[in-house]
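Order of the sequence lines fixes the chain letters, A, B, ..., with proteins taken first and strands second; residue numbering starts at 1 for each chain. This one's a predicted model, so the numbers in the text were calculated from it and none came from an experiment.
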Amino acid sequence: MLKRTHHCGELRKDHIDQRVTLSGWVNNYRDHGGVVFIDVRDRNGITQLVFHPENKAAHDLADTLRHEFVIAVSGVVRERIGPKGEPAHNPKLATGEIEIDCDQLEVLNRAQTPPFTPDEFGKVGEELRLKYRYIELRRPTMLNIIRTRHRVAKIMRDYFDAEGFYEVETPFLCKSTPEGARDFLVPSRLQPGEFYALPQSPQLFKQILMVAGVDKYVQIVRCFRDEDPRADRQAEFTQVDLEMSFVEQDDVMTCVEGMIRKVWKDILGVEVPVIQRMPYAEAMDRYGSDRPDLRFDMELIDVSDLAAKTDFKVFTGAIAAGGLVKAIRVPGGSKLTRKQTDALAEWVKQFGAGGLPITKIENGAVATGVGKFIAGISADLIARMGAEDGDLLCFGVSEKPAVVHRVLGELRVKLAHDLEMIKPGQWEWLWVVDFPAIEWNEDQKRWDSLHHPFTAPNDEDLAKLDSGDHKQIASIKSKAYDLVLNGSELGGGSIRIHRPEVQSKVFALLGIDEEAARTKFGFLLDALNFGAPPHGGIAFGLDRVVMHLCNTTNIRDVIAFPKTQTGADLMTDAPSHVDDVQLAELSLRVQTHNKKDKSV
RNA sequence: GGGGGCGUAGCUCAAUUGGUUAGAGCACCGGACUGUCGAUCCGGAGGUUGCGGGUUCGAUCCCCGUCGCCCUCGCCA
């Protein structure tokens, strides 16, 4: 076999007259009867090969080449010259100034006609691309994502190594804990009827590692959550997970910022500034979200006091019921048609809104929509909103403040995208801090932890833990922090509880009695009793980091072998039935069969 | 579990109100061509309209069911 001397993207004018050997896939072929051109591709790029009839054996063989044949060739690098001796460069190719005048060709493997070609011209349905993932991955953009992902992981590992972290592997076969997301379960053969769970995150193990004195732990690790996927969510995903001892909130955040700064600098050449911080309450108040997108304005402004002065029952009724009225100003939003605003009103209903009152600003006053109901507050409203002619005001109204925030929070993001208010290349970073430790779950009539039950409350709030007073408990803040980029949550973490008596109080508040706590987390409680250092950490979605760096909104793009919305791998056809012998070994019996008959 | 969108040649799409032989471009096969580069020109082959049922003289089109894919709500401590 001819052994390559270069890759397909690296030959330049400097190499002219050198004999070289290349290996790769036939990207395209152009047969002119006499001279034959072959574009050969590897992960590095594309180089044009020329076969002249004078080298009959190679030329005849080149005639038979088709898309995606695997070849090795040897020849001499020439400048591309036209028929009259003029340069015939191809500016679209990095190697476009040269070509290889080939005299040797080996067909290393033939290929069936591929269902689609790895060139980027025609679009191809995702279903097909997932089935033939190996062909899609040949595309330069996909290989570039794979390379970027590799580099990101490498930069992070180098960074954490330099900071004194140890990478430690934690188990995949874990104890199931019913809190949080649904577990993927793995039946135990040796202990019939018992199950492992795949980790939703290595949370408890990394805390144990701190008790063990590892001091600084990091792991790039797969996590599993058996919940329905979304465009940016996959049941199986990768976290950059870390934990540090003898630290406070600022130490973790500073460390992480250093990592982010290095990744963005090395991958994109972008300088990340000192990342601003915003309390959770402020984020909800101003942006209606715990992960606000700061690339555009349209802040939520409370107009409840003005709304109360109107005779508009939608407003006054909500306020009387303990709710509120907030508004966002959509610059230039009056260009939206009635049809479009009606569609928005329909759209917001999924977030619990009854509708979406709007009004356009014309001639310095509220004009359309609910304008006639609120004419009396027109001037005050316009002043408070800073509105101008051509703007659109959208009102969030509900007796539940949370619904107002959700509706307007989602709406401002949608409008920013629909009205193309986001300039490309913007990076708006934010730490959201001062999260409430717990929130009241009205449906279940109990307290739920907002982050997780191991998150440390703020020191000054510790006394409130056993106050028994609903309001005081609701006001407890925690040492938790989320890193937000352009409206998406990249990671979150907290300082953990390291004193067993505090942990017991939090469990009690969450309705986890001592016996339940022992059954679920006994090993952690034991560990805390044996000299646990103060510690805290954070976990990042590596997939999401790479999505941002590669400018895609689809998590499947950054995973080599992703799954569909029903958790299927279209290439391997997982999940699939297993035979009865396997089930019997695991003491399992299947009650119902899949709708699609995959039985063997 | 709910809402929305999609499924026609290998691929991307078209097909009038339900109408007689389901088309085009690319890919593929054969031929021509010595400087192209998403080559060009000539010719050819290629269809279970996702699957099953129904309505109809007649269904790619309408109805019911089902399978698959995408977006989304719930869910994701």
Quiz item: With respect to the phosphate group of B:C71, does any side-chain polar atom (N or O) of A:Arg556 fall under 4.0 Å of OP1 or OP2?
Solution: yes
Self-check item: Phosphate OP1/OP2 of B:C69: any A:Thr566 side-chain N/O under 4.0 Å
Solution: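 Checking B:C69 against A:Thr566, a side-chain N or O does come within under 4.0 Å of OP1 or OP2.
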Quiz item: Is the side chain of A:Glu439 donor-acceptor paired with the backbone N or O of A:Asp448 at a distance under 3.5 Å, no angle test?
Solution: no
Please report the distance, rounded to the nearest Å, between [atom1] in [X] and [atom2] in [N].
X	N	atom1	atom2	answer
A:Ile38	B:G38	CD1	P	15 Å
A:Lys123	B:U12	NZ	P	9 Å
A:Gln200	B:C75	CD	P	15 Å
A:Glu346	B:C73	CD	P	16 Å
A:Asp228	B:C75	CG	P	11 Å
A:His67	B:C37	NE2	C1'	13 Å
A:His417	B:C71	NE2	C1'	14 Å

Quiz item: With both distances under 3.5 angstrom, what nucleotide forms a Watson-Crick or G-U wobble pair with B:A32?
Solution: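 B:U40 is the nucleotide pairing with B:A32.
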Exercise. Could you tell me which nucleotide pairs with B:U66 by Watson-Crick or G-U wobble geometry, both distances under 3.5 Å, or answer none if nothing does?
Key: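 For B:U66, the partner nucleotide comes out as B:G50, under the 3.5 Å rule.
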Sugar-phosphate, base or nothing in reach of [X], heavy atoms under 4.0 Å:
X	result
A:Asp448	nothing
A:Asn90	base
A:Arg406	sugar-phosphate
A:Leu128	sugar-phosphate
A:Leu450	sugar-phosphate
A:Gly125	sugar-phosphate
A:Pro114	nothing
A:Gln565	base

Quiz item: For the side chain of A:Arg233 and the base of B:C75, is some donor closer than 3.5 Å to an acceptor across the two?
Solution: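 Flag set: donor-acceptor pair detected.
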Exercise. Kindly indicate whether the side chain of A:Arg230 and the base of B:G74 share any N or O donor-acceptor pair separated by less than 3.5 Å?
Key: yes
Exercise. Go through A:Thr117 and A:Asp119 one step at a time and tell me if the side-chain hydrogen bond (donor to acceptor under 3.5 Å, both in side chains) criterion holds.
Key: CA-CA 5 Å; A:Thr117 51; A:Asp119 61 53; 2.8 Å; yes
Quiz item: Which class fits the ring pair A:Trp440 and A:His470: parallel under 30°, tilted 30 to 60°, perpendicular over 60°?
Solution: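 Answer is perpendicular, since the angle exceeds 60°.
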Exercise. Using a 4.0 Å heavy-atom cut-off, write out nucleotides 29-35 of chain B from 5' to 3' as B (base contacted by protein), S (sugar-phosphate only) or - (no contact).
Key: S---BBB
Exercise. Tell me, with the steps shown, if A:Asp241 and A:Tyr217 meet side-chain hydrogen bond (donor to acceptor under 3.5 Å, both in side chains).
Key: CA-CA 8 Å; A:Asp241 189 49; A:Tyr217 144 91; 2.8 Å; yes
Quiz item: Quick one: on RNA chain B, does A:Leu570 or A:Pro453 contact a more 5' nucleotide (nearest heavy atom)?
Solution: A:Leu570
Tell me which donor-acceptor pairs under 3.5 Å the side chains of residues 481-493 of chain A have, and how far apart each pair is, sequence neighbours excluded?
residue: A:Tyr481; atom: OH; partner: A:Ser494; partner atom: N; Å: 3.4
residue: A:Tyr481; atom: OH; partner: A:Ser494; partner atom: O; Å: 3.2
residue: A:Tyr481; atom: OH; partner: A:Gly537; partner atom: O; Å: 3.0
residue: A:Asn486; atom: OD1; partner: A:Glu428; partner atom: N; Å: 2.7
residue: A:Asn486; atom: ND2; partner: A:Gln426; partner atom: O; Å: 3.0

